[in-house]
Number of protein chains: 2
Amino acid sequence: MTSNLPKFYDERMTRSETLERGGGVAIWRQIAERLRTEISLDVWKTDERLPSEADLAVRFGVNRHTVRRAVAALAEDGILKANQGRGTFVAQKPIRYPIAARTRFSEIVSSQDREPGGELIAHSIEPADDALAARLEVAAGTDLIRLETVRFADDIPIGAGINWYPAARFPSLVDAFARSGSITAALRENGLDDYRRIQTLVSADVAGPQDCALLDIATGDPILVIESINEDLEGRTFNVSRSRMAAARVQLSIDS
Amino acid sequence: MTSNLPKFYDERMTRSETLERGGGVAIWRQIAERLRTEISLDVWKTDERLPSEADLAVRFGVNRHTVRRAVAALAEDGILKANQGRGTFVAQKPIRYPIAARTRFSEIVSSQDREPGGELIAHSIEPADDALAARLEVAAGTDLIRLETVRFADDIPIGAGINWYPAARFPSLVDAFARSGSITAALRENGLDDYRRIQTLVSADVAGPQDCALLDIATGDPILVIESINEDLEGRTFNVSRSRMAAARVQLSIDS
DNA sequence: GGTAATTTGTTCGTATGTATC
DNA sequence: TGATACATACGAACAAATTAC
């Protein structure tokens with residue numbers, strides 16, 4: 001196989017194709033992850049044809065059945081599109097997601113010529129526990145709106161999140177979000193025209209069953225875990241949120 | 001079993017403890033990842049005792065052996081420490097890693113009372129390809145120093161990275177880094193006293209064999225992939241780096 | 001100090017899933 | 001397709017260390 005990678009990426013990708021057995025991750029899944037990463041790094045570009053299963057089997061040093069299972073998993077995720085007779089092709093590039101004081105999901109997605117969307121998964125009123133109360137600067141036990149959402153770009157789920165807001169301040173928030181699918185719009189309906197993200201914590205995880213169901217990905221896929229705190233222009237914290245984003249579909253960027 | 005989780009996390013954590021079978025990721029690994037995430041989110045604090053293996057087995061609906069396998073994996077990573085008769089304790093928390101204009105590995109680690117270190121893995125001179133040349137604002141083909149490093153906190157590997165620098169500008173960079181183990185110190189020896197990180201890209205991946213070897217983690221563990229661009233005080237870009245950090249050992253934070 | 005309860009550590013056996021050939 | 005080797009997961013029982021009373 002001749003590599004058509006830019007050297008920049010080539011080095012790290014081709015260094016070693018060894019796969020680990022007995023590490024708790026099936027071989028077919030390791031191969032799927034490797035291909036997924038290469039696709040998200042543009043090693044295989046959109047609409048480019050992947051090598052044949054036989055070639056991939058040689059590359060990874062495994063049985064062809066094992067490669068077939070990996071490819072099937074990625075095809076099921078919509079990452080690969082199988083066109084009968086022509087081959088297997090790559091689907092979609094990740095969204096660039098800038099983290100800044102003014103981070104708005106809808107605006108970010110729109111600016112990249114994709115259609116933003118949001119779906120209400122669940123909502124409830126719950127009393128603030130100590131951790132949440134401290135972050136939101138309210139008394140423990142204060143009623144909070146708990147809003148669980150999934151956000152989309154072109155109907156592809158990007159991230160699932162839980163948002164907490166002081167209930168007293170945003171009486172019609174849930175309704176407004178359910179109608180508009182936009183947090184920004186829902187907050188505006190509740191009298192909050194502008195706000196700032198003051199802190200963001202980022203970690204990584206691998207997908208569990210809940211992530212799979214909400215984000216339409218597979219168990220073991222990498223996930224970006226993002227916790228953010230937002231405050232209004234008077235400096236009062238009004239929101240804490242935690243979201244889990246499919247790493248293959250977003251690329252965080254931080255300018256400083 | 002009465003839960004001793006703060007409610008904040010309890011809700012989200014206990015909503016569905018269902019683990020997926022046959023998805024290519026062993027159940028013990030799924031449990032290990034879930035515990036790892038909880039620990040990094042401070043659900044379990046340093047030196048706090050985890051619920052007994054029997055209780056965790058009930059919580060996850062699995063056999064105690066399966067929990068033991070998960071705990072063993074985390075213990076091997078130095079995250080948990082199990083004592084016969086006493087219980088299992090949280091040994092090491094992730095480093096909080098603020099992303100800002102002035103981000104220095106050594107300073108971040110030192111400020112958290114851990115000992116920073118760096119090891120030179122490989123180095124070479126290579127011509128800039130188009131992607132690198134554009135980022136570094138040099139002509140394609142310009143000689144670059146390619147510096148591969150692993151960085152430590154208390155001798156625990158935190159991240160492995162590749163750094164590119166214009167070769168002409170930093171004649172003794174490799175030498176200086178090999179001696180000091182600090183990029184900041186090596187740059188200072190080459191006449192660059194101060195610099196700013198202007199952009200950071202963040203994604204997630206799962207560990208491959210190379211990550212396992214360099215970072216002493218297991219295949220399938222979550223990885224934070226971080227690409228950063230640094231410029232000097234005159235606004236000239238002088239460095240591009242890509243590093244892969246063990247997600248269990250760092251928690252990125254961005255203030256805006 | 002003595003004893004019971006708790007908790008991790010170990011060893012059987014059995015059934016199922018994964019990967020190769 | 002079937003045979004084989006190995007990893008995964010469960011169940012029961014018991015040993016060893018620690019803690020609580």
Side-chain angles (χ1 to χ4, degrees), chain A residues 17-35 52-76 206-209 212 218-221, chain B residues 1-5 16-36 38-39 44-92 206-209 212 217-221:
Chain A
E17 299 287 16
T18 356
L19 300 167
E20 193 187 63
R21 287 153 204 266
V25 182
I27 301 273
W28 64 263
R29 165 155 295 284
Q30 295 179 51
I31 293 172
E33 281 320 320
R34 189 116 20 132
L35 292 175
S52 70
E53 288 169 358
D55 286 347
L56 288 173
V58 170
R59 169 182 164 192
F60 290 112
V62 299
N63 193 278
R64 190 170 138 267
H65 293 307
T66 311
V67 167
R68 278 185 61 75
R69 184 142 188 206
V71 171
L74 291 174
E76 181 140 7
V206 292
C212 300
T219 308
D221 287 354
Chain B
M1 177 187 109
T2 47
S3 168
N4 48 0
L5 297 172
S16 163
E17 298 288 15
T18 21
L19 301 166
E20 197 184 62
R21 288 159 199 263
V25 180
I27 293 196
W28 63 262
R29 169 161 290 284
Q30 297 179 50
I31 293 172
E33 288 316 330
R34 192 133 357 151
L35 292 176
R36 192 198 299 276
E38 292 182 6
I39 290 165
W44 312 106
K45 302 202 194 321
T46 308
D47 294 334
E48 185 176 357
R49 218 201 75 183
L50 286 186
S52 70
E53 292 170 351
D55 285 347
L56 288 173
V58 169
R59 169 182 162 190
F60 291 112
V62 299
N63 191 276
R64 187 163 79 94
H65 285 302
T66 311
V67 168
R68 281 181 59 75
R69 185 84 161 84
V71 169
L74 293 174
E76 183 138 1
D77 286 358
I79 292 171
L80 294 180
K81 178 90 181 116
N83 297 116
Q84 191 171 28
R86 288 188 59 214
T88 304
F89 299 81
V90 177
Q92 195 113 43
V206 291
C212 299
I217 56 180
T219 307
D221 286 354

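Values below: every heavy atom of this structure, side chains too, minus hydrogens, waters and symmetry copies. In what follows, chains carry the letters A, B, and so on, assigned in the order in which the sequence lines appear, proteins first and then strands, with residues in each chain numbered from 1.
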Engineer: Taking 4.0 Å as the cut-off, does a side-chain nitrogen or oxygen of B:Arg86 come that near to OP1 or OP2 on C:dT8?
Structural biologist: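 So the side-chain polar atoms of B:Arg86 never come under 4.0 Å of the phosphate oxygens OP1 or OP2 of C:dT8.
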Engineer: What is the separation between atom CZ on B:Arg68 and atom C1' on C:dC12, rounded to the nearest whole Å?
Structural biologist: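 From B:Arg68 CZ to C:dC12 C1': 15 Å.
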Engineer: Output yes when B:Arg29 and B:Glu33 qualify as a salt bridge under the 4.0 Å nitrogen-oxygen rule, no when they do not.
Structural biologist: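 Salt bridge present between B:Arg29 and B:Glu33.
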Engineer: As an exercise, state the distance from CD1 of B:Ile31 to CG of B:Leu74, rounded to the nearest 0.5 Å.
Structural biologist: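 CG of B:Leu74 is found 10.5 Å from CD1 of B:Ile31.
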Engineer: If only side-chain N and O atoms of B:Arg69 are considered, is one of them under 4.0 Å from the OP1 or OP2 phosphate oxygen of D:dA9?
Structural biologist: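 For B:Arg69, the contact criterion (side-chain N or O under 4.0 Å from OP1 or OP2 of D:dA9) is not met.
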Engineer: Please report, rounded to the nearest Å, how far the C1' atom of C:dA19 is from the CD atom of A:Gln30.
Structural biologist: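 It works out to 12 Å between those atoms.
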Engineer: Take the protein atom CZ of B:Arg64 and the nucleotide atom P of C:dT11, then report the distance between them rounded to whole Å.
Structural biologist: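 Answer to the nearest Å: 14 Å.
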Engineer: May I ask you to verify if any side-chain N or O of A:Trp28 is less than 4.0 angstrom from the OP1 or OP2 atom of C:dT18?
Structural biologist: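 Answer is no, no contact under 4.0 Å.
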Engineer: Indicate the atoms forming the closest heavy-atom contact of A:Ala57 with A:Arg64, along with that distance.
Structural biologist: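 The pair with the smallest heavy-atom distance is CB-CA, 4.0 Å.
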Engineer: Counting just side-chain N and O atoms, does B:Arg21 come under 4.0 Å of either OP1 or OP2 of D:dA9?
Structural biologist: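 Negative; the distance criterion is not met.
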Engineer: Given atom CZ of B:Phe60 and atom C1' of D:dA9, what is their separation to the nearest angstrom?
Structural biologist: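 About 16 Å, once rounded to whole Å.
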Engineer: Could you check how far CD1 of A:Ile27 sits from P of C:dT20, rounded to whole Å?
Structural biologist: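 That distance rounds to 7 Å.
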Engineer: When you check the phosphate oxygens OP1 and OP2 of C:dT8, does a side-chain N or O of B:Thr88 lie under 4.0 Å from one of them?
Structural biologist: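 Yes, within the criterion.
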Engineer: For C:dT18, does either OP1 or OP2 sit under 4.0 Å from a side-chain N or O belonging to A:Thr66?
Structural biologist: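 For A:Thr66, the contact criterion (side-chain N or O under 4.0 Å from OP1 or OP2 of C:dT18) is not met.
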Engineer: Could you state the interatomic distance from CZ (A:Arg68) to CG (A:Asn63), rounded to the nearest 0.5 Å?
Structural biologist: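 Spacing of CZ (A:Arg68) from CG (A:Asn63) equals 11.0 Å.
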Engineer: On a plain distance test, is the side chain of B:His65 in donor-acceptor contact with the base of C:dT11 below 3.5 Å?
Structural biologist: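 Check passes, donor-acceptor contact within cut-off.
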Engineer: Quick one: A:Arg29 CZ to D:dT8 C1', roughly how many Å, whole number?
Structural biologist: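 Those two atoms, CZ and C1', are 16 Å apart.
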Engineer: In this structure, how many angstroms lie between the C1' atom of C:dT7 and the CZ atom of B:Arg49, rounded?
Structural biologist: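 Value for this atom pair: 7 Å.
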Engineer: Scan B:Val71 against the nucleic acid and name what it touches under 4.0 Å (heavy atoms): base, sugar-phosphate only, or nothing.
Structural biologist: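 Counting heavy atoms under 4.0 Å across all strands, no contact is made by B:Val71.
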Engineer: Apply salt bridge (Lys or Arg N to Asp or Glu O under 4.0 Å) to B:Asp47 and B:Lys81, showing your working.
Structural biologist: CA-CA 9 Å; B:Asp47 294 334; B:Lys81 178 90 181 116; over 6 Å; no
Engineer: Could you give the CD-to-P distance, from B:Gln84 to C:dA5, as a whole number of Å?
Structural biologist: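 The answer, rounded to whole Å, is 19 Å.
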